[in-house]
Amino acid sequence: MSDLPGASETVNLNIQEEAHALSVTIGTYNEKGIDISKLLGTTGHVTLDPGFKNTGSTKSAITFIDGINGILQHRGYPIEQLAELASFQEVMYLLLQGELPNANQLADIEGQIKAETKAPEGIKTLLNALPDGSHPMGMLSVALASLPSFYPNALDSWSDETVRWETIYRLLGHMPVIAAYVYRRSQNLPYIDPNPELDYVSNFLYMMFGEVDPVIADALDTLLILHADHEQNCSAATVRMIGSSHVNLYAAIAGGNSALWGPLHGGANQKVVEMLESILADGGDSEKYINKAKDKADPFRLMGFGHRVYKNFDPRAKVIKAYADKILDKLNVDDPVLDIAKRLESSALNDEYFQKRKLFPNVDFYSGIIYRALGIPVDMFTVMFALGRLPGWVSQWKEMRESGDPIGRPRQIYTGASKRDYKPITDR
Ligand code: ACO
């Protein structure tokens, strides 16, 4: 605990009138975490926290979120500054290495990643073997999980520094290629191989569409930055959990990608646009859907609204909303779902139900509208999120391995049947 910024202190926990002193870990911004790691041994109790709503699973120096005040920083840098001023590859370096790169360091990481843009031909064969209509996120997970078969040296990704970085750069280099192949397969279009002349984002767009519009490349670069990391979210926590068994990096990332697919997490960006389209098809009555979202008997939720950590505006959503207007304008796109989104947002923000629960638009509320304007089909939206989140996942995995965190293995409170004897089937 003493290696942390700020002093540590203790609190007392009284169990049946016996006081147990527990040390408190204090973070950079005075966040406090009570260390209960020895509680079972000293008191016979575990803590119970389904969904980890109140549990810090690790110490981390990568990303800071203040959900009450709507603040997000990577390695200390505010997301608003990174989105406006940095490139996605600068942010990659920042997340992985802890500092912004100088010109040589940036050129180095760009070169290392570019050298890994040729993905194995077997990936195409693998994607071709999947049925038509497969969801792109499923295809992406399959392709990611196959990488150790093509690169057996990655099986022990942590064995030495050289293998570690080779494994990381290869993944960062392959990801846009695989994501573009997934798109081409899902559309039954011929694959386009990478063009080594192009930068990371332009190359991805080239492999997707066979051409690169600089306005789109610029917009996408910013969107990828806005998705690059988000501390211990469901997919990053999954990557850390899987990686804590010391399985290879690619297996951990494939698992994180599957976690991202869910509609309560990254899959929400697809669901938001589908929701907006169905509201439009239903006559555009946003109030009707606000009422449905408030009705506890109705399973409908306002997708793209609410967040486990933000009880204020998601700062990424603020940037994306302003950006959506700008991009649609630049691309000369008039999308009626943007009006529906704005009406929904304004109604929700003025509604007591949403105010009381502190439900605000999250990163997924407006991102899908931009992806749509960029010509990306709706079932590819979460793949775009994964492309942006990859440096975050890798950095979280790297930090977890560097810090020597133990294997993730929660406890439970057993509530099933107590011991009983087996009976032959004829007596049951
Ligand atoms: N629409 C309507 N009501 C909502 C919504 C919503 N989108 N989100 C939360 N609520 C309500 C809940 O019903 C609950 O009400 P109650 O206190 O009366 O029971 C209260 O707000 C708290 O919600 P929880 O579900 O307990 O909050 P939790 O932190 O577990 O869930 C989550 C957060 C999953 C993001 C939730 O807000 C949600 O389902 N949102 C819609 C899906 C979404 O946009 N996901 C993307 C999140 S961002 C990301 O992962 C990239």
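Because the structure is predicted, anything quoted here is derived from the model rather than measured.
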Show the nearest heavy-atom pair for residues [X] and [Y], with the distance to one decimal.
| X | Y | answer |
| --- | --- | --- |
| T117 | P194 | O-CG, 3.3 Å |
| L144 | M175 | CD2-SD, 4.0 Å |
| Q232 | S57 | CG-OG, 4.2 Å |
| A324 | L338 | CB-CD1, 4.5 Å |
| A386 | L140 | CB-CD2, 3.9 Å |
| N269 | S367 | CB-OG, 3.8 Å |

> Can you list every side-chain hydrogen bond (donor to acceptor under 3.5 Å, both in side chains) pair that touches residues 76-92, not counting sequence neighbours?
Replying inline: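 Found none.
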
Ion pair [X]/[Y], N-O distance below 4.0 Å:
| X | Y | result |
| --- | --- | --- |
| E121 | K124 | yes |
| R389 | D229 | no |
| K342 | D325 | yes |
| D132 | R185 | yes |
| R343 | E287 | no |

Heavy-atom side-chain proximity of [X] to [Y] below 4.5 angstrom:
| X | Y | result |
| --- | --- | --- |
| L72 | R316 | yes |
| F365 | M303 | no |
| V239 | I242 | no |
| L249 | L147 | no |

> With H230, which residues qualify under ring-ring contact (aromatic ring centres under 6.0 Å, His included), at least two apart?
Replying inline: H307, Y310

Side chains of [X] and [Y]: donor-acceptor distance under 3.5 Å anywhere?
| X | Y | result |
| --- | --- | --- |
| Y353 | D295 | no |
| S141 | W261 | no |
| Q112 | E116 | no |
| D379 | Q270 | no |
| E99 | Y93 | no |

> According to the salt bridge (Lys or Arg N to Asp or Glu O under 4.0 Å) rule, which pairs have a member within residues 234-248, sequence neighbours left out?
Replying inline: R240-E399, R240-D405

> When you look at D49 and T55, which way does the side chain to side chain donor-acceptor pair (under 3.5 Å) test go after all the steps?
Replying inline: CA-CA 7 Å; D49 183 20; T55 295; 2.5 Å; yes

Check residues 203-221 and write down every donor-acceptor pair under 3.5 Å in which the side-chain atom is one partner and the other belongs to a residue at least two apart or another chain.
from : atom 1 : to   : atom 2 : distance (Å)
N203 : OD1    : N195 : N      : 2.9
D213 : OD1    : V215 : N      : 2.8
D221 : OD2    : F88  : N      : 3.0

>> Could you work out, with side chain to side chain contact (heavy atoms under 4.5 Å, CB included) as the rule, every residue matching R308, not counting sequence neighbours?
In response: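 Side chain to side chain contact (heavy atoms under 4.5 Å, CB included) check on R308 returns K53.
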
>> Looking at V163, is its backbone amide N or carbonyl O close enough to the side chain of T167 to form a donor-acceptor pair, meaning the two atoms are under 3.5 Å apart?
In response: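 Yes; judged by distance alone, with no hydrogens or angles, the pair exists.
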
Pair up each side-chain donor or acceptor in residues 327-334 with any protein partner under 3.5 Å, not counting sequence neighbours, and list the distances.
none

>> Exactly one of Y183, Y366, F381, F385 should register a ring-ring contact (aromatic ring centres under 6.0 Å, His included) with Y371. Which one does?
In response: F381

>> Using the rule ring-ring contact (aromatic ring centres under 6.0 Å, His included), only one of Y151, F150, Y250 pairs with H174; which is it?
In response: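 Testing H174 for a ring-ring contact (aromatic ring centres under 6.0 Å, His included) against Y151, F150, Y250 leaves exactly one candidate, Y151.
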
>> Quick check: F360 with F305 (ring centres under 6.0 Å apart)?
In response: no

>> Between K114 and E110, does the salt bridge (charged side-chain N to carboxylate O under 4.0 Å, His left out) criterion hold? Intermediate values first, please.
In response: CA-CA 6 Å; K114 196 171 262 192; E110 286 172 350; over 6 Å; no

